[in-house]
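Proteins get letters first, then strands, A, B, ... in listed order; numbering begins at 1 in each. These numbers come from the heavy atoms of this one structure, side chains and all, not from hydrogens, waters or symmetry mates.
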Amino acid sequence: MKLFWLRISFIFAYLWEEDNANNGKKWSTLEHKGPFFPPEYEPLPSNVCFVYNGKSIKLSLAAEEVATFYAKMLDHEYTTKSVFQENFFNDWREEMTEEEREQINKLSKCDFSHMAKYFLEKTEEKKAMTKEQKQVLKEENNRLTEEYGFCLLDGHKEKIGNFRVEPPGLFRGRGEHPKMGKLKKRILPEDITINCSKDSKIPEAPKGHRWRKVQHDDTVTWLASWVENVQGNLKYIMLNPSSKLKGEKDWQKYEVARKLKLKVETIRRLYREDWKNREMKIRQRGVALYFIDKLALRAGNEKEEGETADTVGCCSLRVEHITLHEEKGGQEFVVEFDFLGKDSIRYYNEVPVESRVFRNLKLFMENKDPEDDLFDRINTIYLNKHLNQSMPGLTAKVFRTFNASTTLQDQLNKLTTADMTLEEKLLSYNRANRAVAILCNHQRAAPKTFEKSMQNMLDKLDVAKMELKEAKKEHKKAGTERTRKLVEKKEAAVKRLEEQLKKLQLQMTDREENKVIALGTSKLNYLDPRISVAWCKKFNVPIEKIYNKTQRDKFAWAIDMTEEDFQF
DNA sequence: TCATGCACTTAGCAGTCTTATC
DNA sequence: GATAAGACTGCTAAGTGCATGA
């Protein structure tokens, strides 16, 4: 297997260098069945009604379907937001008949509760299905996946990531999204572009329909696409991360980050020089790069105002997002960051910076309003062009990968020793992973049952402690009776309980530290898997303890090729 | 040079499946 | 076998960055 990857690695390195010469060709043959469509709308039974102003109304099919989208979300916080309500109501009215439109003109008079109750019952029914019924559904699902979930790429069967067309519904943006609640329309085959090879079996459109277009573009990796109506974005059917194509791309990403490791000191020297430059633009570039490097901030592309939630990255930071403190918490030159990043996740950080950076920031903020751009002379395109001159292939996002992987490697080296138990090693790993997640600001809502499950663990801990005490007492007693067998038994029990206790305590520590931090994102997207694989080999940790099945599939390339002495 | 479109990666959430515990 | 907790997975939104064309 190793030989296989070495060979692939050689071929791949070659292909990669030759990518341009190859005109960006991604495959030679591509065959698939096309996407799978969600089921047709199933009308509500006649006894389930929509009530308006106290009167029950039978809605037209189109209006009823959209009403059910809202009814299904009734217990969600979304539906309490006025933007959501307004967008939904406007779009809903567009689906209504003339007559319905005339009749229904205030959302506050609409009563969706009967519909909501009906769907709740449906969910309960589904839950209460027998094992056999559930098995039938599962098998049907497996059959679908078998039929639609794979494609043939260059003769190899590859798993598709998302083979289903997104069903219609209400758009749920993140944060204060101006388009939340808008109707995501049903996608028809007539909206879909199919991409496959010319000589392959062209997927058949569902009966009575035809594709918007069938194309044979071997420079892209997607199988099908359509334009979504809410934001006008393209959506794609693409390969699963376990596919060769995606794996190679992933590998390439980490190789670029490793290259940066060799160059980063030079780049740092250069941007520090920039802080002193006469030109404002160069100074801004230097400080922005410093933030991207030191804090692993995202690049911060420009966004169309009013079309999406108001979020920023480095280049799009505004004056209002930072506060300068000559002194804070006993430290000099502290920059306080407070802004919403990707997915409207808050980034808050107090960072001591070098005096020259501090002075520059003051300068950038002079005579500006809070809503003005902090770095008004630069943007991500300019920044990336500059970075590319320092190192081919280098862009702002590479710093995040580099920073994350370097942190994991350093932390693992620091935190693990060979004499640790498996549990201690795993805690070390999670701590290293956590350091990265904190750096990248990967947050999650604390699990809803967190407090309760923590209490359960505390109770368990108490029980374990008590049992241990009891066992020790027994042990002592047995010892005086000089019955060897009993002594041994009790000793074993004491040992077992002590181990259990220790395990439980470690688990709890891990859980508490992890409360609002999401480890998965960095693990999946930023940490070179070879670091983890090598660590597992070196410290005798089964790889299954670090990566689950999906992750092992995604990182198959790394698992096969990595030796225990690999360092990022 | 700039705007725009396209392709692809990164992201958190929520529903589902699995496992542990009684 | 039931139940609850936790892990996993799928979904789809929201980023990045490159290409293209005026």
_5' precedence on DNA chain C between Tyr547(A) and Glu166(A) (nearest-nucleotide basis)_ =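 Whichever sits nearer the 5' end wins; that is Tyr547(A).
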_I want to confirm an ordering. Mapping His177(A) and Gln551(A) to their closest nucleotides on DNA chain C, which one lands closer to the 5' end?_
Gln551(A)
Indicate whether OP1 or OP2 belonging to [N] is found under 4.0 Å from a side-chain N or O atom of [X].
{"X": "Thr395(A)", "N": "dG17(C)", "answer": "yes"}
{"X": "Thr521(A)", "N": "dG12(B)", "answer": "yes"}
{"X": "Lys253(A)", "N": "dT10(B)", "answer": "yes"}
{"X": "Asn301(A)", "N": "dG15(C)", "answer": "no"}
{"X": "Lys184(A)", "N": "dA13(C)", "answer": "yes"}
{"X": "Arg164(A)", "N": "dC11(C)", "answer": "yes"}
{"X": "Arg400(A)", "N": "dA11(B)", "answer": "yes"}
{"X": "Lys303(A)", "N": "dG15(C)", "answer": "yes"}
{"X": "Tyr236(A)", "N": "dT12(C)", "answer": "no"}
{"X": "Thr311(A)", "N": "dA14(C)", "answer": "no"}
{"X": "Lys138(A)", "N": "dT16(B)", "answer": "no"}
{"X": "Asn162(A)", "N": "dG10(C)", "answer": "no"}
{"X": "Asn384(A)", "N": "dG17(C)", "answer": "yes"}
{"X": "Lys235(A)", "N": "dC6(B)", "answer": "no"}

Touch class at under 4.0 angstrom, heavy-atom based, for [X] against every strand present:
{"X": "Pro167(A)", "answer": "sugar-phosphate"}
{"X": "Thr221(A)", "answer": "sugar-phosphate"}
{"X": "Gln443(A)", "answer": "sugar-phosphate"}
{"X": "Arg174(A)", "answer": "base"}
{"X": "Gly300(A)", "answer": "sugar-phosphate"}
{"X": "Ala396(A)", "answer": "sugar-phosphate"}

For residues [X] and [Y], is any side-chain donor paired with an opposing acceptor at under 3.5 Å?
{"X": "Tyr547(A)", "Y": "Ser532(A)", "value": "yes"}
{"X": "Thr395(A)", "Y": "Asn388(A)", "value": "no"}
{"X": "Arg212(A)", "Y": "Thr193(A)", "value": "yes"}

*asked:* Using a strict threshold of under 4.0 Å (side-chain N to carboxylate O), is an ion pair present between Asp91(A) and Lys182(A)?
replied: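 Yes.
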*Give the ring-plane orientation class for His76(A) versus Tyr78(A), where under 30° counts as parallel, over 60° as perpendicular and anything between as tilted.*
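Ring orientation of His76(A) relative to Tyr78(A): parallel.
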*Leu524(A) has an atom CG; how far is it from atom P of dT9(B), in whole Å?*
12 Å
*Residue mapping more 5' on DNA chain B - nearest nucleotide basis, Asn141(A) or Lys342(A)*: Lys342(A)
*For DNA chain B, whose closest nucleotide is more 5', that of Asp217(A) or that of Asp343(A)?*
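Of the two residues, Asp217(A) wins.
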Measure from the side-chain heavy atoms of [X] and tell me the nearest of [options].
{"X": "Gln231(A)", "options": "dA14(C), dA14(B), dT12(C)", "result": "dA14(C)"}
{"X": "Asn525(A)", "options": "dA11(B), dT12(C), dA14(B)", "result": "dA11(B)"}
{"X": "Lys397(A)", "options": "dC8(B), dT16(C), dA14(C)", "result": "dT16(C)"}

*Any chance the rings of Phe163(A) and Trp222(A) have centres within less than 6.0 Å?*
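Not under 6.0 Å, so no.
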